[in-house]
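Worksheet for the structure shown next.
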Amino acid sequence: MSRYPFKDAEARWQQVWAERKAFEVADDDDRPSYYVLEMFPYPSGLLHMGHVRNYTLGDVVARYKMARGFKVMHPMGWDAFGLPAENAAITKGIHPAESTYGNIEAMKKQFASLGLSLDWSREFATCDPSYYRHQQAMFLDFLEAGLVYRKESSVNWDPVDHTVLANEQVVDGRGWRSGAVVQRRKLAQWFFKVTEFADDLLEALDGLDRWPDKVRIMQGRWIGRSEGALVRFAIDDRDDPLEVFTTRPDTLFGASFMAIAPDHPLAAELAESSPELQAFIAECAKTGTSEEAIEQAEKLGYDTGLRCINPLIPDQRLPIYVANFVLMDYGTGAIFGCPGHDQRDLDFARKYGRPVTPVVLPPDTDPETFEIGAEAYVGDGKIFNSEFLDGLDVPTAKRTVIQHLEELSVGEGKITFRLRDWGVSRQRYWGCPIPIVNCPSCGIVPVPKEQLPVELPKDIELGKVGNPLDRHPTWKHVACPKCGGAAVRETDTLDTFVDSSWYFLRFCSPRSDQPFDRDKVERWMPVDQYIGGVEHAVLHLLYSRFFCRALKRCGHLDIEEPFAGLFTQGMVCHKTFRDDDGQWLNPEEVEQTGENSWKVIADGRAVTVGRSEKMSKSKLNVVDPGPTIDAYGADAARLFMLSDSPPERDLEWTEAGIDGAWRYLNRLWRLFAAGTPANADSTEALDLSDEAAALKRAVHKTIHAVTDEIEKFHFNKAVALIRELSNRLETVDRNDPAMAPVMREALEALVKLMSPMVPHLAEELWQRLGHDQLLTGTPWPESDPAWLTEDVITIAVQVMGKLRATLELPKGVDKETAEAAALEDENVRRAIGGKAVRRVIFVPGKILNIVI
RNA sequence: GCGGGCGUGGUGGAAUUGGUAGACACGCCAGAUUUAGGAUCUGGUGGCUUCGGCCGUGGGGGUUCGAGUCCCUUCGCCCGCACCA
């Protein structure tokens with residue numbers, strides 16, 4: 001039996017597309033433009049299934065939009081700076097540049113086998129000096145615009161390797177390589193002033209109507225605008241008051257203690273004379289810097305002995321604690337605790353024996369008997385126990401108390417954001433050098449733009465202690481651009497998130513001697529459809545939004561939002577195996593011994609089949625796409641990625657699934673091999689038989705529905721509809737001359753509909769239909785509204801809401817006719833059982849429900 | 001702890017505004033066929049059934065002529081995170 005010769009066909013069409021530059025777009029084209037972008041990959045050297053899914057989804061969009069008459073830009077590049085290349089250099093002794101560019105070449109070959117409609121003429125890597133020189137220029141522009149500044153901030157310090165560790169490199173509080181207990185250390189670092197745009201970044205989320213709600217919600221919460229008040233509490237025997245930020249100034253009469261962050265300046269000052277406090281602060285510093293770690297930690301406080309005065313209750317004295325749950329980065333790094341109406345404050349008060357005074361009375365509650373038990377009351381209600389606030393509701397009390405604090409000059413209304421400025425300094429080699437010179441006499445001096453790029457030195461020693469660029473014998477030593485004296489370069493590099501915050505702009509004019517050409521950016525931006533993993537929902541997407549605003553502020557750009565449409569795909573998962581000790585096992589180590597039982601081949605130990613989890617090296621459940629594509633072809637892999645699972649949900653990789661996709665491609669192959677009817681220009685003028693007309697209606701309905709589903713990113717449903725049509729076509733009698741013209745029309749439509757998903761097979765079948773033009777570039781099929789409707793409709797007949805019959809009735813049938821027809825049905829009559837019909841509900845074209 | 005989701009056959013998943021639950025597949029069962037393949041084709045496949053029907057969308061309750069869909073409640077799972085004062 002004839003099999004689809006995918007190896008030959010896929011290679012052949014890939015070559016044809018490349019030779020004809022089918023996917024390269026010129027900028028001077030007056031068709032409407034459409035920019036499709038998938039998040040560019042880090043060149044690890046190996047394409048994984050997540051990539052295949054991501055780029056397949058993007059390719060469907062790109063090819064579909066092409067067929068719809070858009071001039072589509074679908075570029076690809078490399079997010080090429082990063083930690084893994086540096087680690088590879090340490091463990092394998094390969095220079096990061098060498099491994100990175102080698103990996104790019106290797107991955108490009110793998111990309112080629114997927115048959116993606118990518119415009120490779122726009123390719124670049126972020127580690128190219130021709131890319132990062134522009135990034136350095138932007139850094140200088142941001143600096144000039146006041147959007148970049150320097151401040152001290154904490155890092156994870158490995159005391160053995162003398163290096164700064166990423167959070168990822170800290171395992172159980174220890175450095176991953178040295179095993180040394182990590183210390184927090186303060187370093188002067190560069191920051192991008194993201195908070196400058198906090199309000200705008202938040203408000204503009206509303207306009208991103210083609211973004212998933214969940215991403216907008218996540219970003220909104222990350223930015224975290226909250227309205228509250230700054231309140232100054234005078235401290236006994238000290239001049240400076242303690243300033244706190246609170247979102248609940250209405251509960252000030254319920255205050256029972258104060259707490260400051262372990263790294264609050266006041267704590268540091270007091271610790272100088274208190275070894276005990278020093279020890280407490282050191283203990284707090286052992287908890288990781290991540291919020292997750294702080295959250296797991298037990299709530300601890302240390303009474304400083306200082307007492308401060310509640311500005312609303314002059315004779316009240318509140319103890320000041322240093323507490324491990326107060327964050328220096330939020331608000332003022334100090335809080336007042338109101339245990340009655342905040343659960344964490346309540347837990348703390350119970351632990352340290354502080355009083356609990358309720359000040360918000362829940363509705364319909366007796367103030368005499370209301371008490372706070374184990375749970376704080378956080379709801380709305382009437383204020384009580386609060387003098388001039390008594391009787392007010394919470395929002396009114398907030399306004400009133402803020403006004404009162406302002407009159408007393410001890411506080412004022414204040415809006416605070418959770419969003420922090422973006423620390424971009426990294427003490428690493430394989431990143432974009434920060435174009436700054438530190439001069440002993442002039443201070444911080446920007447590198448003049450004409451001296452850019454500040455290139456990374458090629459001769460570098462990695463794996464030694466310390467910051468590699470700082471250790472380089474000559475690189476950092478330069479003449480000060482201002483005074484000409486001896487000076488040193490900044491030896492930190494930029495966070496790689498900076499690289500990915502503007503690459504989508506560079507694609508518009510990738511060879512420009514400017515960061516981007518403004519007219520090209522205006523032609524293509526914003527990205528019409530951006531596609532990637534939801535793990536970037538906050539950081540990358542938010543930084544990119546910040547970057548566009550910062551560039552606009554500097555006069556380089558007019559747009560603020562880089563991505564008009566966003567789609568976040570699900571993960572690719574695969575089953576996992578573990579032994580009794582919970583160790584992950586490689587699928588090759590195990591064999592199936594029964595329906596649900598598995599064992600280790602080597603020693604027969606029992607194996608637990610875990611649930612399907614995201615493919616990852618640590619879980620040993622990674623499937624390499626390479627051999628799969630080799631065995632089944634790119635189209636089979638693509639089809640499997642698109643079938644069954646909705647793109648936004650996780651997809652489980654199964655051998656059976658890819659096998660099923662491959663078998664379906666062969667069915668299509670045979671459907672077309674069965675002999676295709678000669679071309680007929682149109683079936684419009686023909687007098688079609690009932691059977692032929694029904695087929696034609698099915699074809700047009702399928703065109704209509706598939707188009708709709710692709711537009712809505714429901715590719716799994718589009719595939720199902722295509723299968724339905726092809727199943728039907730397999731049953732058509734090709735020897736019937738009345739069917740031939742419609743069959744021709746059907747086959748042509750089918751090929752076009754499948755072409756975004758399985759482009760190689762589609763080109764092959766298109767050619768077999770006798771076309772000498774490429775299918776790529778051929779317009780999308782149009783559905784004819786005249787063929788979307790049926791003459792006969794099916795009415796479901798219910799008795800008391802239960803289905804008893806379905807009736808085929810002429811389109812537009814009225815209630816009386818339908819009811820009469822229903823009452824003739826034996827099943828319906830049996831269900832009514834001779835009872836009186838009380839009511840009949842009729843939904844035209846759908847339902848007739850008889851109520852008895 | 002907070003926030004966001006999701007629970008539908010043996011499996012992945014379909015199901016307009018509330019209107020025929022299980023499309024399309026995988027798997028399985030029976031049969032056919034063969035150039036014994038990574039086959040292919042035909043039929044069947046939610047459960048129970050006295051063959052009339054009955055029960056079925058995590059559980060319980062409600063609204064409705066009618067609920068997978070709306071409301072209340074409860075259980076389970078997943079994702080994200082920032083103790084946000």
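Throughout, protein chains are lettered first and strands after them, A, B, ... in sequence-line order, and every chain is numbered starting at 1.
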Can you list the steps and then say if A/K414 with A/E412 is a salt bridge (charged side-chain N to carboxylate O under 4.0 Å, His left out)?
CA-CA 6 Å; A/K414 163 103 174 163; A/E412 57 264 341; over 6 Å; no
Do A/L300 and A/Y352 have side chains that get closer than 4.5 Å, going by heavy atoms?
yes
[N] [atom2] sits how many Å from [X] [atom1], rounded?
X      : N      : atom1 : atom2 : value
A/I217 : B/rC79 : CD1   : C1'   : 13 Å
A/L642 : B/rG12 : CG    : C1'   : 14 Å
A/L665 : B/rU40 : CG    : C1'   : 16 Å
A/D650 : B/rC79 : CG    : P     : 9 Å
A/L541 : B/rC81 : CG    : C1'   : 16 Å

Distance-only, no hydrogens or angles: does the A/T702 side chain make a donor-acceptor pair with backbone N or O of A/L725 under 3.5 Å?
no
Are any side-chain N or O atoms of A/R638 and backbone N or O atoms of A/V758, one a donor and one an acceptor, separated by less than 3.5 Å?
no
Whole-Å [atom1] distance, [N] and [M]:
N      : M      : atom1 : answer
B/rC6  : B/rC55 : P     : 29 Å
B/rA25 : B/rU63 : P     : 41 Å
B/rG13 : B/rC26 : P     : 16 Å
B/rC83 : B/rC77 : P     : 24 Å
B/rG59 : B/rU45 : C1'   : 28 Å
B/rG56 : B/rU8  : C1'   : 10 Å
B/rA23 : B/rC71 : P     : 28 Å
B/rU16 : B/rG76 : P     : 30 Å

Tabulated below should be each protein N or O lying under 3.5 Å from an N or O of nucleotides 64-68 of chain B; please produce it.
| residue | atom | partner | partner atom | Å |
| --- | --- | --- | --- | --- |
| B/rC65 | OP1 | A/R839 | NH1 | 3.3 |
| B/rC65 | O2' | A/N849 | ND2 | 3.3 |
| B/rC65 | O2 | A/N849 | ND2 | 2.5 |

Among [options], which nucleotide sits nearest the side chain of [X]?
X      : options                : answer
A/R649 : B/rA85, B/rG80, B/rG13 : B/rG13
A/R804 : B/rC84, B/rG53, B/rU20 : B/rG53
A/N827 : B/rG53, B/rG80, B/rU20 : B/rG53
A/I847 : B/rU20, B/rC81, B/rU17 : B/rU20
A/S645 : B/rG13, B/rC54, B/rU20 : B/rG13
A/R420 : B/rC84, B/rC83, B/rA39 : B/rC84

The single option from A/F640, A/F6, A/W669 passing ring-ring contact (aromatic ring centres under 6.0 Å, His included) against A/W662
A/F6
Given side-chain contact (heavy atoms from CB on, under 4.5 Å), test A/R545 with A/Q219 step by step and report yes or no.
CA-CA 11 Å; A/R545 297 180 64 221; A/Q219 286 210 5; 2.9 Å; yes
Which part of the nucleic acid, if any, lies within reach of [X] when heavy atoms closer than 4.0 Å are counted: base, sugar-phosphate only, or nothing?
X      : value
A/R838 : nothing
A/A631 : base
A/T416 : nothing
A/T806 : base

Check: A/N827/A/R830 side-chain N/O donor and acceptor closer than 3.5 Å
yes
Can A/Y664 and A/S726 be counted as having a side-chain donor-acceptor contact under 3.5 angstrom?
yes
Using a cut-off of less than 4.0 Å, is there contact between a side-chain N or O of A/R225 and OP1 or OP2 of B/rC84?
no
Centroid separation A/F257 to A/F348 less than 6.0 Å
yes
Can you tell me how far the CZ atom of A/R53 sits from the CD atom of A/Q569, to the nearest 0.5 Å?
6.0 Å
Lys/Arg-Asp/Glu bridge criterion (N-O < 4.0 Å) met for A/E826, A/R804:
no
Under-4.0 Å salt bridge between A/K351 and A/D347
no
Can you say whether a donor on the side chain of A/K712 sits under 3.5 Å from an acceptor on the base of B/rU16, or the other way round?
no
Of A/E227 and A/T731, the one whose nearest nucleotide on RNA chain B sits closer to the 5' end is A/T731
Specify the glycosidic conformation (syn or anti) of B/rG7, with syn defined as within 90° of 0.
anti
Within 90° of 0 counts as syn, otherwise anti: where does B/rG9 fall?
syn
For nucleotides 23-29 of chain B, 5' to 3', base contacts (B), sugar-phosphate-only contacts (S) and non-contacts (-) with protein non-hydrogen atoms under 4.0 Å give BSSSS--
